[in-house]
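Numbers here simply count residues along the sequence, with the first being 1. Computation of the quantities below employed the complete heavy-atom set of this structure, encompassing side-chain atoms and omitting hydrogens, waters and symmetry-equivalent molecules.
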Amino acid sequence: TQSLQKRVEYLESNPDHVMCFHNAKKYHQEGQHLEELMLPITSSRSFHQSEILNVPVPTASIVYRNHLIDKFDPNMVKVACGDFILKMKLTRYGKARYIH
């Protein structure tokens, strides 16, 4: 929707970026919404690979350039928790953008 469109447009306009993401709400395992967001970031900004290592990117919010899939190791699909590997592989080819 609007959030998805913003992320796609950002990538189209910024070839030095390979992925965009946004914040997400936290939920208790019983489904109760906690009044917290995952990230304490209050404005849009870019991250280099060395910085993204310490950012708990909400995986479901990631939009990335699909031509990079060909550069991934085929065995990556066998990894049980590939979120960390995904963001590190992507940012090897460019910056990540948090969109507030």
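- With values rounded to the nearest 0.5 angstrom, M88 atom CE is found 8.0 Å from S50 atom OG.
- To the nearest 0.5 Å, atoms CE (M19) and NZ (K89) are separated by 15.0 Å.
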| said: Test side-chain contact (heavy atoms from CB on, under 4.5 Å) on S61 and R7; report intermediate values, then the result. | reply: CA-CA 9 Å; S61 77; R7 288 174 283 158; 4.2 Å; yes
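- The shortest heavy-atom contact between R97 and S46 is NH1-OG, 3.0 Å.
- Contact record, K87 with L53: NZ-O, 4.0 Å, taken as the closest heavy-atom pair.
- Counting all heavy atoms, side chain and backbone alike, S3 lies closest to H22 at OG-CD2, 3.4 Å.
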| message | Set out, in order, the CA-CA distance, both residues' side-chain angles and the distance that settles side-chain contact (heavy atoms from CB on, under 4.5 Å) for H100 and I41, then state yes or no. | response | CA-CA 8 Å; H100 188 67; I41 307 169; 5.9 Å; no
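- Residues satisfying the side chain to side chain donor-acceptor pair (under 3.5 Å) criterion with D83, sequence neighbours excluded, are T59.
- With L90 as the partner, the side-chain contact (heavy atoms from CB on, under 4.5 Å) test is satisfied by one option alone out of V57, I85, I52, V18: V18.
- Contact between R65 and N14 at its shortest, heavy atoms only, is NH2-O, 2.9 Å.
- In R45, the CZ atom is crowded: over 12 heavy atoms of neighbouring residues, nucleotides or ligands sit closer than 6.0 Å.
- At distances below 3.5 Å, at least one donor-acceptor pair connects side-chain atoms of E51 with backbone N or O atoms of H48.
- Note on F47: it clusters hydrophobically with Y93, by side-chain heavy-atom contacts below 4.5 Å among ILVMFWY residues.
- S43 and Y98 make their closest contact through O-CD2, 3.5 Å (heavy atoms, listed as atom of the first residue, atom of the second, distance).
- L39 is listed as a side-chain neighbour of V55, based on a closest heavy-atom distance under 4.5 Å.
- Taking the six-membered ring for Trp and thresholds of 30 and 60 degrees, Y10 and H17 have ring planes more than 60 degrees apart, a perpendicular arrangement.
- Hydrophobic clustering (side-chain heavy atoms under 4.5 Å, transitive across Ile, Leu, Val, Met, Phe, Trp, Tyr) keeps I62 apart from I99.
- Between K25 and L37, some side-chain heavy-atom pair lies under the 4.5 Å cut-off.
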